[in-house]
Number of protein chains: 2
Amino acid sequence: MPTHFEGSAETKRALSAFINLARATNSVQARLTVQLEGEGLTVGQFGVMEALLHLGPMSQCTLGEKLLRSGGNITLVIDNLEKHGLVRRERQTEDRRTIVIHLTPKGLRLIKRVFPEHAKMILKEMSQLGPNEQEDLRRLCRKLGRGGKSGSEKTKREKRHDSSESQ
Amino acid sequence: MPTHFEGSAETKRALSAFINLARATNSVQARLTVQLEGEGLTVGQFGVMEALLHLGPMSQCTLGEKLLRSGGNITLVIDNLEKHGLVRRERQTEDRRTIVIHLTPKGLRLIKRVFPEHAKMILKEMSQLGPNEQEDLRRLCRKLGRGGKSGSEKTKREKRHDSSESQ
DNA sequence: CTAGAATCGTTTGATATCAAAGCATCAGAT
DNA sequence: ATCTGATGCTTTGATATCAAACGATTCTAG
């Protein structure tokens with residue numbers, strides 16, 4: 001984004017914070033991506049498999065909703081996972097429009113191994129910050145990630161999320 | 001990323017911080033992207049034009065370095081900008097391998113208008129945080145974005161960057 | 001029962017992003 | 001002068017990401 005910019009101190013502060021946010025996220029994610037690619041997975045594929053691992057088999061439509069991806073993109077990612085024998089499609093009998101996606105045994109073995117490794121790497125990446133700093137970062141980002149929400153709605157969500165956030 | 005995970009408090013903290021970081025960045029960038037698309041520009045195209053605006057005409061190679069993008073990708077982005085009459089290519093005479101990219105008058109008018117609007121929107125997005133929070137976020141992200149750098153190197157860069165960071 | 005609307009997944013077109021291969025050009029050594 | 005290695009850009013192949021259009025299936029109203 002801006003490599004050079006002028007403006008008020010206020011603007012500079014905001015732009016600088018944003019640039020650093022984007023760069024940091026990019027940089028960390030790039031390293032995580034490399035790790036996954038070492039296992040023959042893309043980030044998107046990992047996301048699908050991780051969701052199936054933790055939430056169980058589900059339709060493509062549901063996957064798209066949970067991962068915030070378009071239908072067309074889910075189709076492509078599943079196509080590639082299927083090609084590698086990591087997932088299988090199962091068309092439902094009660095509603096033949098719906099295809100439920102299952103991990104194959106091969107896929108299950110892979111994600112069961114890769115997921116903890118990935119989590120460990122995230123731990124390592126985030127360990128550049130101390131525990132309090134991680135907490136601060138989390139808090140700030142949660143506040144930022146709510147953009148566009150109304151005030152009263154925010155308050156309600158805040159309470160609900162706090163109880164389920166520990167997961 | 002992880003929708004459900006188990007592990008030590010330490011791991012949970014790190015994963016949670018990371019997830020919120022990624023989500024916040026994503027969410028803010030999605031909104032910024034929509035704004036640019038309203039002007040007929042993609043994020044990548046905006047990046048190229050912004051660099052040309054502030055740093056002047058430069059080769060594709062240099063653009064790729066500054067924007068951290070691959071050569072092939074730069075070619076595509078420039079192709080599309082050229083198609084829309086926003087930039088033009090100029091092969092050099094001293095070294096005919098090199099193509100310098102220039103903003104066209106149309107391109108210049110557009111980026112001169114769009115850039116400040118974009119900056120304003122970033123200001124608005126970041127204003128969900130107060131000045132001190134923005135500073136904190138910037139500091140934390142800068143720390144995080146340095147992953148993989150050695151300690152002594154970090155110290156040197158830290159000093160140098162502090163003096164040039166105000167830009 | 002039938003027609004129209006809604007839903008699910010796929011296809012299409014556009015853009016992005018990378019790595020690797022390919023071609024033209026340049027620089028340096030012999 | 002010639003050859004080899006390096007450089008800049010383009011092309012190719014693979015994957016991603018979206019919106020819109022499309023076809024099959026299901027649901028609902030009349």
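Throughout, a chain's letter reflects where its sequence line sits, starting with A, and its residues are numbered from 1.
Put simply, the side chain of Gln60(B) does not reach to within 4.5 Å of the side chain of Val48(B), judged on heavy atoms. Using a 4.5 Å heavy-atom cutoff, the side chains of Leu86(B) and Ile111(B) are not in contact.
A heavy-atom distance below 4.0 Å to DNA chain D is reached by these residues of residues 70-80 of chain B, ordered by number: Gly71(B), Gly72(B), Thr75(B). Near-neighbour residues of DNA chain C inside residues 35-43 of chain A, defined by a heavy atom below 4.0 Å, are absent.
The pair Arg88(A)-Glu82(A) does not count as a salt bridge, with every side-chain nitrogen at least 4.0 angstrom from each carboxylate oxygen. By the 4.0 Å N-to-carboxylate-O rule, Glu117(A) lies too far from Lys120(A) to be salt-bridged with it.
Residues passing the salt bridge (Lys or Arg N to Asp or Glu O under 4.0 Å) test with Arg109(B), sequence neighbours excluded: none. Applying the side chain to side chain donor-acceptor pair (under 3.5 Å) rule to Thr62(A) yields the partners Ser59(A); only residues at least two apart in sequence or on another chain are considered. Considering only residues two or more places apart in sequence or on other chains, Glu10(B) meets the salt bridge (Lys or Arg N to Asp or Glu O under 4.0 Å) condition with none of them. By the salt bridge (Lys or Arg N to Asp or Glu O under 4.0 Å) test, Glu39(B) pairs with Arg113(B), sequence neighbours left out. Applying the salt bridge (Lys or Arg N to Asp or Glu O under 4.0 Å) rule to Arg139(B) yields the partners Glu133(A), Asp136(B); only residues at least two apart in sequence or on another chain are considered. Take Thr25(A) and apply the side chain to side chain donor-acceptor pair (under 3.5 Å) test, not counting sequence neighbours, and it matches Thr25(B). Residues satisfying the side chain to side chain donor-acceptor pair (under 3.5 Å) criterion with Asn26(A), sequence neighbours excluded, are absent altogether. The side chain to side chain donor-acceptor pair (under 3.5 Å) test applied to Glu37(B) returns no partner, not counting sequence neighbours.
Along DNA chain D, the stretch of nucleotides lying under 4.0 Å from any heavy atom of chain B spans, 5' to 3', dA6(D) to dT11(D).
As judged by a 4.0 angstrom heavy-atom cut-off over every strand, Leu81(B) is placed among residues making no nucleic acid contact.
The hydrophobic cluster containing Leu63(B) also contains Ile99(B), counting ILVMFWY residues as joined when their side-chain heavy atoms lie under 4.5 angstrom apart, directly or transitively.
The 5' end of DNA chain D is approached more closely, in terms of each residue's nearest nucleotide, by Val100(B) than by the other of Arg69(A) and Val100(B).
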Sequence-aligned protein contact record of nucleotides 23-29 of chain C, with B where the base is within under 4.0 Å of a protein heavy atom and S where only the sugar-phosphate is: -BBS---

